[in-house]
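Counting starts at 1 for both ligands and their atoms, following the listed order. Worth knowing before you read on, the calculation uses all heavy atoms, side chains too, and leaves out hydrogens, waters and symmetry mates.
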Amino acid sequence: MIELCFATNNKYKLDEVSDQLGNSFIIKTLRDIGCTVELPETSGTITGNSRQKADYVWTHFGTPCFADDSGLEVEALNGEPGVDSAHYSGSRDAEKNIEKLLKKLAGNSNRKAQFVTVFTLVLHGVEHQFEGRIEGQILTEPKGIGGFGYDPVFQPDGQNRTFAEMSVEEKNGMSHRSRALTKMIAYLEKQVD
Ligand code: ITT
C-alpha cells in the first residue's frame, strides 16, 4: 500500500483528507516523520507555496508526500485574501480574519468568492499538481460552528448553508479540497495498477 506524508500543520485539513481517503493509503503526519519546523510558504502564490511545502519534506526527509495550499478569493476584493488567507488580519486567528473580510466587504452587493486548493504530490521524486475550486457567496455574518478558517461565512452556490453548518462528509461532497483530492486519488490509483 502507498505510504504518503501529508505536509500540513492544519488539523482540520488532515481530518477532511483522512475522511475522504479512508483506508486506501497510509497517511503519515509531519510529526510521524519527525518534521517539527514551520514549512516554507514564501513564493507569493498558492501554486508555488504548495510546491514549496511538498519539496521541503521530500528534500529534507526523503518521504513520498503531498501538500495542500489553499485560499479564499473574493471577486470584489480583486482576489484577496488569496495567498494571504491564513494571515489576512496579521494573525492566524480565524475570527479576526473573518472580521477583516466582512469589514472590507461591508455595503458591497457583490459577494462572489471561490475557494481554491492546489495539491502537490511528490512520488518517486517526481512532482504532480492537482487543483480544486468551489464558487459561492460571502455572507454578511458568520453562521455555523464546524469546519475552520472562513467556513462560517462561505456558502457554496446552490446551497442554503455555510461550510461551517455541514458535516465533514457533506463538505467533502463538494469542497475545493475534495475536488483536488479526487484528482490526486485517481492519479495514485493508476500508479498502483
Ligand atoms: P498548512 O500550510 O500547514 O497546510 P494552513 O492553515 O497554513 O495549513 P494554508 O497556508 O493553505 O494552510 O492557508 C489556507 C488558509 O485559507 C486557511 O488557514 C484558511 O484560513 C483558508 N482556507 C483554506 N481552505 C479552507 C476551507 O476549506 N475552509 C475555510 N477556510 C479555508
Trace of the side-chain contact (heavy atoms from CB on, under 4.5 Å) decision for Arg111 with Leu139: CA-CA 7 Å; Arg111 315 293 297 190; Leu139 303 188; over 6 Å; no
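Taking the salt bridge (charged side-chain N to carboxylate O under 4.0 Å, His left out) definition, one finds that Glu3 meets it with Lys28, sequence neighbours left out.
In this structure, Phe66 and Phe6 have parallel ring planes: the angle between them is below the 30° cut-off, well short of the 60° mark. Under the 30°/60° scheme for interplanar angles, the aromatic rings of His176 and Phe163 are found to lie parallel.
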Ligand 1: which protein N/O atoms lie under 3.5 Å from its N/O atoms?
| unit_1 | atom_1 | unit_2 | atom_2 | d |
| --- | --- | --- | --- | --- |
| ligand 1 | 2 (O) | Glu41 | OE2 | 3.2 |
| ligand 1 | 2 (O) | Lys53 | NZ | 2.6 |
| ligand 1 | 3 (O) | Thr8 | OG1 | 3.4 |
| ligand 1 | 3 (O) | Asn9 | N | 2.7 |
| ligand 1 | 4 (O) | Thr8 | OG1 | 2.6 |
| ligand 1 | 4 (O) | Lys13 | NZ | 2.8 |
| ligand 1 | 6 (O) | Asn10 | ND2 | 3.0 |
| ligand 1 | 6 (O) | Arg92 | NH2 | 3.0 |
| ligand 1 | 7 (O) | Arg92 | NH1 | 3.4 |
| ligand 1 | 7 (O) | Arg92 | NH2 | 2.8 |
| ligand 1 | 10 (O) | Glu41 | OE1 | 2.8 |
| ligand 1 | 10 (O) | Asp69 | OD1 | 3.3 |
| ligand 1 | 11 (O) | Lys13 | NZ | 2.8 |
| ligand 1 | 11 (O) | Asp69 | OD1 | 3.3 |
| ligand 1 | 11 (O) | Ser70 | N | 3.0 |
| ligand 1 | 11 (O) | Ser70 | OG | 3.4 |
| ligand 1 | 12 (O) | Lys13 | NZ | 2.9 |
| ligand 1 | 24 (N) | His176 | NE2 | 3.3 |
| ligand 1 | 24 (N) | Arg177 | NH2 | 2.9 |
| ligand 1 | 27 (O) | Lys171 | NZ | 2.7 |
| ligand 1 | 27 (O) | His176 | NE2 | 3.1 |
| ligand 1 | 27 (O) | Arg177 | NH1 | 3.0 |
| ligand 1 | 28 (N) | Asp151 | OD1 | 2.6 |
| ligand 1 | 28 (N) | Lys171 | NZ | 3.3 |
| ligand 1 | 30 (N) | Tyr150 | N | 3.2 |

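The closest side-chain heavy-atom distance from Gln20 to Thr182 is below 4.5 Å.
Under 4.0 Å is where a charged nitrogen must lie from a carboxylate oxygen, and between Glu41 and Lys53 at least one such pair does.
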